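Below is one structure, written out as C-alpha cells, with a few remarks after it.
Letters A, B, ... are given to chains in the order of the sequence lines, protein chains preceding strands, and every chain is numbered from 1. Atom set for the values below is all heavy atoms of this structure, side chains included, hydrogens, waters and symmetry mates excluded. Since the structure is predicted, the reported quantities are computational estimates derived from the model, not experimental observations.
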Amino acid sequence: MMNIFNDFRQEVLAALEALQAAEPRLKGCELQAVTLEAPREASHGDFATNAAMVLSKQAGMKPREIADLLSAALQRDSRIEKVEVAGPGFINLKLTADYWRKTLSEILAEGERYGASGIGAGVRVNIEYVSANPTGPMHVGHTRGAVFGDTLANLMQRAGYSVCREYYINDAGGQVDVLAQSAYLRYREALGEQIGEIPEGLYPGDYLVPVGQQLKSEHGDTLRGMAEAAWLPIVRDSALKAMMALIREDLAALGIRHDEFYSERVLHQSGAIEKTLDFLEAQGLIYIGVLEPPKGKTPDDWEPRPQTLFRATQFGDDVDRALKKSDGSWTYFAPDIAYHFEKFQRGYAQMIDVFGADHGGYVKRMTAAVAAVTGGRGALDVKICQLVRLLRNGEQVKMSKRSGNFVTLREVVDEVGRDAVRFMMLYRKNDAPLDFDFAKVTEQSKDNPVFYVQYAHARICSVLRNAREVFPDADAAEAGGADLSPLTDEAELALIRLMAAWPRMVEAAAQMHEPHRIAFYAHDLASEFHALWNRGNENPELRFIVSGRKDVTLARLALIRAIKQVIASALEILGVEALQEMR
RNA sequence: GUGCCCGUAGCUCAGCUGGAUAGAGCACAAGCCUUCUAAGCUUGGGGUCGCAGGUUCGAAUCCUGCCGGGCACGCCA
C-alpha cells in the first residue's frame, strides 16, 4: 500500500540516521518530531521537512548547519530534482516530473485499493451510532449522526481497522411502556372502538395504526379483557419489533446497515448490570452518598437524598453520578456502563459513540466509566453531532415534537435523494452546526457540492466514452500501461500530486475520526479537475482528446482515469454513488 | 453558577492533529460557450484568525484568564 509521504519521511529519517553516525552532536537526538508535509506554497516544492529546526536545539547546532548536511544527503536521491533550504530552516524537496508520472502509473495499478491503508493494523473498533429510541420512525435529527457513524465506519475500514457497526436499542426504559400504551390504543381502535384524541403523553403518530391492526389479527380481542400488566409485555414486544423494522427501513433508505443490534433489555435480563457494578464495587468505586444540589439552578423538587453513586470524579468527571433512581430501578447510566464493559469484553478496546448535541453533558461520565471498567486499557471517543437546521426557501422549517409533526428522515431522503443527504451531512465538521437547505441540495450547479463532485466523475466517464469513438483501441492500448511522458503540463502534475496525498488523507481522517475531510478532499479534487477541463475550452491543444495525437490522448486518459478512480473511492467511503452520466 | 462545544473575509465554513505571505464557496466587479456536458472555468477587491497574556526557532492551532454565542446540568433517554 503506497503512501509517498511515509516513503519520503522514511527517506529523511534514514538520511538523518546516517548523519548521526558521522556527526557526534546529532547522536542520540530524538527524531520523533520530524515531519514531512506538502507546503501550502507550491513554489516551495513538493515536500518540506522541519528536521533541521526540530533537531537544532537537541543537537546544539544551528538549523542551517543541519539543513546543509541533510540536504546534501538527500540530493543523492535520483527521485529528487532539487533540494533547497529556505525560511527558518525548512528543507524543501522538489521531485522530478518523471517520478510523478511513475506515481500516476502506480495509482492506476493499485486500482480500487489505492488509498486503502494498513494503519489500523486490524485493531478492533466498535462504533455505536444512531441508537434512536425505538418509539417511531427516524426524524431528521437522527440523520446526521447516522450518516456520520456509517461513514466513519467505512473510513476506518478503509484504513485497516476491524470495525463493528453497532446500534444500541433503548428498549428497557419508560418510553417503551408509553409506546406499548400508545399501540394498545391503536389496537382498540382496530377493534372498532372510538379512541378520540390521543391523550397527552402518548405517541400520536399514525405509524402505530398498522401495529394495532396486526395485534388484532394476531390476538383477536383477547388482549382487551386483560389487565395492563398482562397485555403490556405482549403489546410492547410486538410494537418494538415493528418500530425496529421501521427504523431499519429508514436506515436502508440512507444506505446504512449495522452489524450488531444490541438490546438494553437483554442487558437487564442477563444480570450484566449487577455484575458490572460488583466489579466496580470491588474496586471501591461505588458508594452511597448525597450529592450537592447543582449550583446556580436548583430543581424545584430538589431534596438531599442518599443514593448509589459511581466515583466518576476519580476519572475526570465533575461530580459522582447516580446509578439508581429513587424507586430503586437503574438510571440510564448504569446499563450504559455495563454495555460498554460488555463491548470491551467482546474485544473492543477502541470504542466510538456518536451522540447528538443534547447529549454533550453525558460525555465525561461515559469516558470516566469506560476508563474505570477497562482499567484504563480501553478508550472511548465520543463524537458529538451538532444540530441540523432545515431550511426551505431560506426559512427555517419549524418542527414540533408534541404534535407529532416532525420532518422524518424518510421525507428528506425521498425529496432530495440519498446522495445529497449523505454528502451534505458530511460537508461540515461534526461539531459545527449545519444548515440543510432543500433548495440548495437539489440544485444542479456548482453551488451544490454533491453535484459538483458527481459531475466531475460523470464528465470523466463522458470523455472516456468519447475517446472510444475517436480511438477505438484506446482502452486496449491503455490497458498495457500508456506512455505517460506526454504529461508535462504543470496543472497535470499538480493533479497527480493531489492524488498522491489521498492515502495520507484517508489515514489522517481515520485516525482523527473526522470523515468530513473525505468530503472536502473529494470537492478539492473535483475542483482541480474542472479547472483542467476548462483549459481545453480555451486551448484545444490542452483537451484530453486530441484527435491527431494518440500518444498525448492516451496519457491524458490515464490521468483522468486515475482522477475518476480516486473520486469514486472517496464517494464510496461517503456512501454516495459515483454517477456515469448526469444528463 | 459549573462543564462541554464554538468564535477565521459582508455571509456560510475549511485550515492536513505547531510551520513559511491564513484558504474555499456564496455575494460583489470584470471576462471565457460553432464545447471532450458553460450543471463549468479565469481574474479582482475584501482579514488586528473574539480580546489579553504565556509556552518556542515558529501559534488560527497548545496553556491560562476574560468577552460573546450554543448545548447540558441528581431519578428522562
Side-chain angles (χ1 to χ4, degrees), chain A residues 5 33 35 37-41 44 48 50 52-54 56-57 63 86-90 92 131 133 135 170 173-175 264 290-297 299 301-305 307 309 317-327 329-333 336 356-364 384 386-387 427-429 431-435 443-449 451-452 454-456 458-460 462-467 469-470 501 504-505 508-509 511-512 514 516-517 520-521 523-524 527 530-538 540 543-546 560 581-583:
Chain A
F5 285 87
T35 62
E37 51 202 274
R40 213 184 347 246
E41 184 65 41
H44 291 146
N50 61 359
M53 294 177 290
V54 168
S56 139
K57 194 165 196 175
F90 288 105
N92 294 331
S131 300
N133 289 337
T135 55
N170 297 127
Q175 84 277 350
E264 184 187 354
V290 181
L291 287 178
E292 296 282 313
K295 293 230 167 68
K297 184 187 142 198
D301 58 346
W302 172 268
E303 46 180 297
R305 177 182 294 145
Q307 41 186 354
L309 299 170
D317 200 355
D318 313 304
V319 288
D320 293 336
R321 302 292 179 174
L323 299 168
K324 274 186 183 173
K325 302 183 196 171
S326 53
D327 67 359
S329 65
W330 301 116
T331 61
Y332 180 74
F333 188 41
D336 226 356
D358 53 342
H359 284 57
Y362 202 67
V363 174
K364 273 196 177 183
I384 298 290
Q386 276 298 334
L387 299 173
Y427 201 57
R428 197 109 304 175
K429 219 165 32 181
D431 53 13
L434 165 64
D435 285 352
E443 192 172 295
Q444 307 206 343
S445 79
K446 62 175 177 157
D447 304 347
N448 178 354
F451 279 88
Y452 187 79
Q454 286 182 314
Y455 180 42
R459 252 186 168 175
I460 292 171
S462 171
V463 176
L464 295 174
R465 281 192 300 270
N466 287 323
E469 304 283 319
V470 183
R504 188 192 204 214
M505 185 65 58
Q511 285 181 308
M512 299 288 287
E514 289 185 351
H516 74 278
R517 295 188 189 206
F520 280 94
Y521 176 86
H523 192 267
D524 282 351
S527 170
H530 285 308
L532 188 61
W533 168 290
N534 268 85
R535 294 185 58 206
N537 271 345
E538 285 144 29
R543 292 185 181 184
F544 302 121
I545 303 171
V546 187
I560 63 171
E581 196 175 9
M582 291 184 77
R583 282 193 186 278

If I pick the [atom1] atom on [M] and the same atom on [N], what distance separates them, to the nearest angstrom?
N: B:rC5; M: B:rG50; atom1: C1'; result: 16 Å
N: B:rC49; M: B:rA59; atom1: C1'; result: 11 Å
N: B:rU61; M: B:rG7; atom1: P; result: 11 Å
N: B:rA9; M: B:rG44; atom1: C1'; result: 14 Å
N: B:rU2; M: B:rG15; atom1: P; result: 30 Å
N: B:rC13; M: B:rU8; atom1: P; result: 9 Å
N: B:rG65; M: B:rC41; atom1: C1'; result: 49 Å
N: B:rA72; M: B:rU55; atom1: C1'; result: 32 Å

Under 4.0 angstrom, heavy atoms only, what part of the nucleic acid is [X] near: base, sugar-phosphate, or nothing?
X: A:Glu443; answer: nothing
X: A:Ala509; answer: nothing
X: A:Gln454; answer: nothing
X: A:Gly173; answer: sugar-phosphate
X: A:Ile384; answer: nothing
X: A:Gly174; answer: sugar-phosphate

### Query
Between A:Asp358 and A:Asn170, who's closer to the 5' end of RNA chain B by nearest nucleotide?
A:Asp358
Working to the nearest 0.5 angstrom, can you tell me the gap between [X] [atom1] and [Y] [atom2]?
X: A:Asp336; Y: A:Leu323; atom1: CG; atom2: CG; answer: 11.5 Å
X: A:Phe544; Y: A:Leu464; atom1: CZ; atom2: CG; answer: 10.0 Å
X: A:Asp524; Y: A:Arg517; atom1: CG; atom2: CZ; answer: 12.5 Å
X: A:His530; Y: A:Tyr452; atom1: NE2; atom2: OH; answer: 5.0 Å

Rounded to whole angstrom units, what separation is found between the [atom1] atom of [X] and the [atom2] atom of [N]?
X: A:Glu538; N: B:rC36; atom1: CD; atom2: P; value: 14 Å
X: A:Tyr455; N: B:rU37; atom1: OH; atom2: P; value: 8 Å
X: A:Asp336; N: B:rC75; atom1: CG; atom2: P; value: 13 Å
X: A:Tyr362; N: B:rC73; atom1: OH; atom2: P; value: 12 Å
X: A:Asn534; N: B:rC32; atom1: CG; atom2: P; value: 14 Å
X: A:Asp320; N: B:rG74; atom1: CG; atom2: P; value: 15 Å
X: A:Glu581; N: B:rU37; atom1: CD; atom2: C1'; value: 9 Å
X: A:Lys324; N: B:rC76; atom1: NZ; atom2: P; value: 14 Å

### Query
Using a cut-off of 4.0 Å between protein heavy atoms and nucleotide atoms, how would you tag nucleotides 7-25 of chain B 5' to 3' with B, S and -?
-----SSSSBB-BB-----
Under 4.0 angstrom between [X] side-chain N/O and [N] OP1 or OP2:
X: A:Tyr452; N: B:rC41; answer: yes
X: A:Ser462; N: B:rU37; answer: yes
X: A:Lys57; N: B:rC57; answer: yes

What I'd like to find out is whether the side chain of [X] reaches to under 4.5 Å of the side chain of [Y], using heavy atoms alone.
X: A:Gln444; Y: A:Met582; answer: no
X: A:Asn50; Y: A:Thr35; answer: yes
X: A:His44; Y: A:Phe90; answer: no
X: A:Lys324; Y: A:Trp330; answer: yes
X: A:Tyr332; Y: A:Asn170; answer: yes

## Note on the structure
In RNA chain B, consecutive runs of at least three Watson-Crick or G-U pairs below 3.5 Å, as range with range, amount to B:1-7 with B:67-73, B:10-13 with B:23-26, B:28-32 with B:40-44, B:50-54 with B:62-66
### Task
Decide yes or no on side-chain contact (heavy atoms from CB on, under 4.5 Å) for A:Glu581 and A:Arg465, but give the supporting numbers first.
CA-CA 10 Å; A:Glu581 196 175 9; A:Arg465 281 192 300 270; 3.8 Å; yes
#### Entry: Over-ring placement of A:Arg321 relative to A:Phe333, 6.0 Å and 45° cut-offs
no
### Task
Could you work out which one of B:rG3, B:rG74, B:rU37 sits closest to the side chain of A:Asn466?
B:rU37
### Message
Taking syn as a glycosidic torsion within 90° of 0 and anything else as anti, which one is B:rC26?
### Response
anti
### Task
Could you walk me through whether A:Leu434 and A:Tyr427 pass the side-chain contact (heavy atoms from CB on, under 4.5 Å) test, one step at a time?
CA-CA 9 Å; A:Leu434 165 64; A:Tyr427 201 57; over 6 Å; no
